[in-house]
Amino acid sequence: MADSSKKMQIVFASAECAPFVKTGGLGDVAGSLPAALVRAGAEVIVMVPKYATIKDEYKAQMEHFSDFYVSLGWRNEYCGLEKLEHDGVTYMFIDNERYFARDYPYGFFDDGERFAFFSKAITESLQHLPAGFECDILHCNDWQTALAPVFLREFYQGLPLYDRVKTVFSIHNVAFQGQFSDTVMEDILGVAHIPAAASQLRCDACSINYMLGALRYADAITTVSPTYANEIQTPEFGEGLDGVLRERSYALQGILNGIDVAGFDPATDKRIAANYTVEDRSGKAVCKAKLQEELGLEVRDDRPLMVMVTRLTRQKGMDLVMYALDRILSGGVQVAVLGTGDRDYEDGLRYFQDKYPGTMAARIEFDPALSQRMYAAADMFLMPSKFEPCGLSQIIAMRYGTLPIVRETGGLKDTVIPYNEFTGEGTGFSFSNFNGDEMGDAVFRAARLFWDNRDAWNQLVTQAMSQDFSWTRSADKYLDLYFFMHPEIERPAAVVDEPETVAEPVAAEEPKAEEKPAVEAEVKPAAKPAAKKTTARKATAKKATATKAAASKTTAAKTTTAKATTTRKRTTAAAKKVAEAEVAPEVKAETATAEAKPAAKAPAKTAAKKTAATTKKATAAKKTTATKSTTTKATTTKAAAKTTPKAVAKPAGKVEETPSESKAEAAVEAKPAAKTTTRKRTTTTAKKATTKAAAPKAEAKAEDKPAVKAEPAPKAAEVKAAPKATAKTEPAKEAPVSPAAKTEEKAPTKKTSVRKATATRKRH
């Protein structure tokens with residue numbers, strides 16, 4: 001039973017976290033996701049190393065909370081917990097000066113030992129959390145925390161406090177895995193004597209892999225976009241871990257990162273030249289002119305400005321940029337690049353700046369304020385990554401109304417909808433292959449739209465700025481996972497969005513029973529599970545096949561549902577006229593061929609008595625046709641007697657059936673169907689007699705029945721096969737749309753009868 005008083009309590013472990021320490025996207029995630037989880041009703045503690053580089057203003061706010069010793073191989077290391085409350089989130093900084101009092105978070109010879117200590121300290125700290133906080137989810141991020149699930153399982157499992165802890169491991173970039181010599185296995189990790197741990201950490205004869213351990217030990221694995229989750233299961237992107245990721249694909253899912261929509265808001269951003277909104281973008285033109293002036297570019301609003309804010313590496317697609325930049329600059333597109341990286345790329349950008357003064361600007365530096373001005377001022381943002389787990393730059397660019405041009409990989413494919421010139425859909429431009437010419441083509445597709453169709457361009461900018469990339473959406477996805485792992489904890493109603501998802505199809509389908517043709521009502525019964533829908537759909541398909549076979553002589557079977565629905569009134573009127581005009585000669589013709597027992601009982605051959613006999617057969621035929629989709633005759637007769645009046649009376653704006661007609665039909669349908677004759681003759685006679693003797697009633701019936709794929713009465717062989725098909729569709733009788741399904745069965749008889757009546761007239 002779910003505990004309504006218990007909140008989901010999460011420990012979120014990361015080697016970096018904005019605003020305290022940040023080197024890349026991981027810092028942004030750790031700085032934003034926990035706050036979103038807290039807003040959604042969870043309790044979160046974030047664990048981060050206490051680096052020397054954390055600003056003094058934050059250190060001054062820290063409160064010493066606890067200290068203890070952590071065993072690491074043969075050594076015991078001091079661990080302090082420094083507590084800090086910031087924006088509603090509790091942060092616990094792991095304090096050990098020998099490991100973390102350094103000028104930079106990573107890149108030291110003993111990183112394997114430093115982050116093994118961090119992982120062990122995380123698991124040990126679960127016993128030293130504030131009163132009332134019992135960890136439900138331990139969420140670890142990247143290789144620096146990857147050993148925590150291993151330690152939890154090997155050293156702490158079975159202790160009451162740890163039994164409830166479920167582990168989630170997030171891959172932010174599978175290329176960075178934490179590979180070290182296997183000598184650390186005993187000296188530092190202390191697991192060499194545990195065969196299961198030793199074998200699952202080892203990646204080759206002399207190395208171990210921290211991330212590999214997490215992938216094998218964690219209860220759930222996530223990564224930062226759905227496409228990247230698929231890509232890393234392939235040799236091309238898996239960096240040697242694709243095999244284990246395929247093995248554990250059932251536990252792997254991709255959840256897109258978000259951005260801080262309050263921090264990245266062109267309406268309030270104080271770092272840009274002029275503020276603007278999606279409704280009034282006049283400030284963006286001011287930003288563009290100011291940036292062009294600042295970077296030494298020609299101040300022209302008729303030239304598209306394309307920027308890059310990136311690390312200058314091959315992974316970021318700089319090979320393609322170097323290849324295509326000459327073509328792009330000579331084609332009239334202004335380019336500005338901000339970033340540092342490989343020396344070859346830095347020198348190449350300086351060369352193009354010298355070659356194209358006023359058109360190209362290269363800033364080989366790291367300048368967050370300038371990057372913000374570039375996001376706001378540019379028309380296009382180029383991001384041709386070789387691979388990109390999620391990517392935040394393209395999302396920030398869209399937030400500022402700058403259209404991204406990206407390669408379709410990882411999170412870039414998941415976040416940027418390519419422009420469709422025929423429908424106007426899209427939020428940017430994309431290309432598929434890691435190819436310089438394809439990238440250049442994509443740039444000029446964007447540039448031509450900027451030059452030739454400014455209205456379409458502006459609409460695209462509006463669509464890009466209107467996208468929702470808030471952390472609230474991402475937090476809901478993570479909470480889905482957390483609550484799936486802890487079903488005993490009741491999820492707060494504020495974050496449950498499932499009822500909306502379920503309600504939408506039901507609300508959409510309920511009116512379909514009246515407004516749409518009966519066959520759709522049968523395929524999609526309201527409030528039925530997916531399995532029953534599938535069964536009904538299969539049964540309907542079988543009926544359609546039988547209908548086509550039986551109706552080879554008539555073209556009505558090929559008529560579409562929509563066409564039949566819109567023309568059914570005219571068809572009914574035409575049927576009435578034809579039948580009335582030809583009833584006399586047809587009665588004579590049919591008398592000679594009718595072999596049914598009820599007809600044989602007529603002693604005299606006067607027209608009036610023949611008509612009376614055929615009237616009886618008409619009602620019997622109607623009953624037989626309507627009940628052909630039932631499993632047994634008795635069951636169907638009862639159902640038909642109950643539902644027929646409802647089917648006739650349901651549509652409010654159509655001719656209603658009189659009480660006497662309802663009683664008569666219910667009585668007729670209560671009779672057994674033992675005297676069914678050859679369907680073709682009976683149906684033809686039925687149509688004639690019904691039209692002549694009860695024309696108003698026939699018209700009312702036809703009005704109420706959407707004609708769906710004209711379905712002539714099957715022959716005797718098909719009648720026998722009917723129970724097999726109907727056995728699958730029987731659950732549909734309980735659905736609210738059963739009357740419509742019954743109506744469907746009756747309508748085709750009249751249409752087919754009209755054609756047979758016409759055929760009889762031609763013979764005479």
Hey, what do you get for [atom1] ([X]) to [atom2] ([Y]), rounding to the nearest 0.5 Å?
{"X": "Phe180", "Y": "Leu189", "atom1": "CZ", "atom2": "CG", "result": "10.0 Å"}
{"X": "His64", "Y": "Phe93", "atom1": "NE2", "atom2": "CZ", "result": "15.0 Å"}
{"X": "Asn257", "Y": "Ser474", "atom1": "CG", "atom2": "OG", "result": "6.5 Å"}
{"X": "Thr340", "Y": "Leu312", "atom1": "OG1", "atom2": "CG", "result": "6.5 Å"}
{"X": "Met211", "Y": "Arg216", "atom1": "CE", "atom2": "CZ", "result": "13.5 Å"}

Under the criterion side chain to side chain contact (heavy atoms under 4.5 Å, CB included), which of Asn96, Ile94, Leu147 is the partner of Phe118?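 The residue from Asn96, Ile94, Leu147 that satisfies side chain to side chain contact (heavy atoms under 4.5 Å, CB included) with Phe118 turns out to be Ile94.
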Apply the side chain to side chain contact (heavy atoms under 4.5 Å, CB included) test between Met62 and each candidate in Lys83, Met92, Lys50; give the one that qualifies.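 Single pass found, and it is Lys50.
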Are side-chain N/O atoms of [X] and [Y] paired as donor and acceptor at under 3.5 Å?
{"X": "Tyr162", "Y": "Thr123", "answer": "no"}
{"X": "Ser225", "Y": "Thr227", "answer": "no"}
{"X": "Tyr58", "Y": "His86", "answer": "no"}
{"X": "Thr313", "Y": "Asp342", "answer": "no"}
{"X": "Ser432", "Y": "Glu408", "answer": "yes"}
{"X": "Tyr210", "Y": "Gln179", "answer": "no"}

Does [X] reach the main-chain N or O of [Y] with its side chain, forming a donor-acceptor pair under 3.5 Å?
{"X": "Ser32", "Y": "Val29", "answer": "no"}
{"X": "Arg164", "Y": "Asp136", "answer": "no"}
{"X": "Asn433", "Y": "Asn435", "answer": "no"}
{"X": "Gln394", "Y": "Cys390", "answer": "yes"}
{"X": "Arg248", "Y": "Leu215", "answer": "yes"}
{"X": "Ser207", "Y": "Asp204", "answer": "no"}
{"X": "Trp471", "Y": "Gly258", "answer": "yes"}
{"X": "Ser119", "Y": "Gln144", "answer": "yes"}
{"X": "Arg153", "Y": "Tyr217", "answer": "yes"}
{"X": "Asn209", "Y": "Leu212", "answer": "yes"}

Would you please indicate if the ring centroids of Phe151 and Tyr156 are separated by under 6.0 Å?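 That pair fails the under 6.0 Å test.
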Phe65 and His128: aromatic ring centres closer than 6.0 Å?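 They do not qualify: ring centres at least 6.0 Å apart.
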With sequence neighbours left out, which residue pairs that include part of residues 226-260 fulfil the ring pair (Phe, Tyr, Trp, His ring centres under 6.0 Å) condition?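 Not a single pair qualifies under ring pair (Phe, Tyr, Trp, His ring centres under 6.0 Å).
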Just so I know, are the side chains of Val261 and Phe469 near enough to count as touching, which here means a heavy-atom distance under 4.5 Å?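 Val261 does not reach Phe469 side chain to side chain.
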Any residue meeting side chain to side chain donor-acceptor pair (under 3.5 Å) with Thr427, in chain and number order, not counting sequence neighbours: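 Applying side chain to side chain donor-acceptor pair (under 3.5 Å) to Thr427 gives none.
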Glu388 and salt bridge (charged side-chain N to carboxylate O under 4.0 Å, His left out): which single residue from Lys413, Lys316, Arg407 fits?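 Result for salt bridge (charged side-chain N to carboxylate O under 4.0 Å, His left out) with Glu388: Lys316.
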Would you please name every residue forming a side chain to side chain contact (heavy atoms under 4.5 Å, CB included) with [X], sequence neighbours left out?
{"X": "Phe366", "value": "Pro368"}
{"X": "Cys140", "value": "Leu138, Thr145, Ala148, Pro149, Phe169"}
{"X": "Arg114", "value": "Tyr51, Tyr99, Phe100, Arg102, Phe108, Asp110, Asp111"}

Side-chain donor-acceptor contacts of residues 12-20 below 3.5 Å, not counting sequence neighbours, with atom names and distances?
residue	atom	partner	partner atom	Å
Ser14	OG	Glu16	N	3.3
Ser14	OG	Glu16	O	2.6
Glu16	OE1	Thr23	OG1	2.7
Glu16	OE1	Tyr106	OH	2.6
Glu16	OE2	Thr23	N	2.8
Glu16	OE2	Thr23	OG1	3.3
Glu16	OE2	Gly24	N	3.1
Glu16	OE2	Gly27	N	3.2

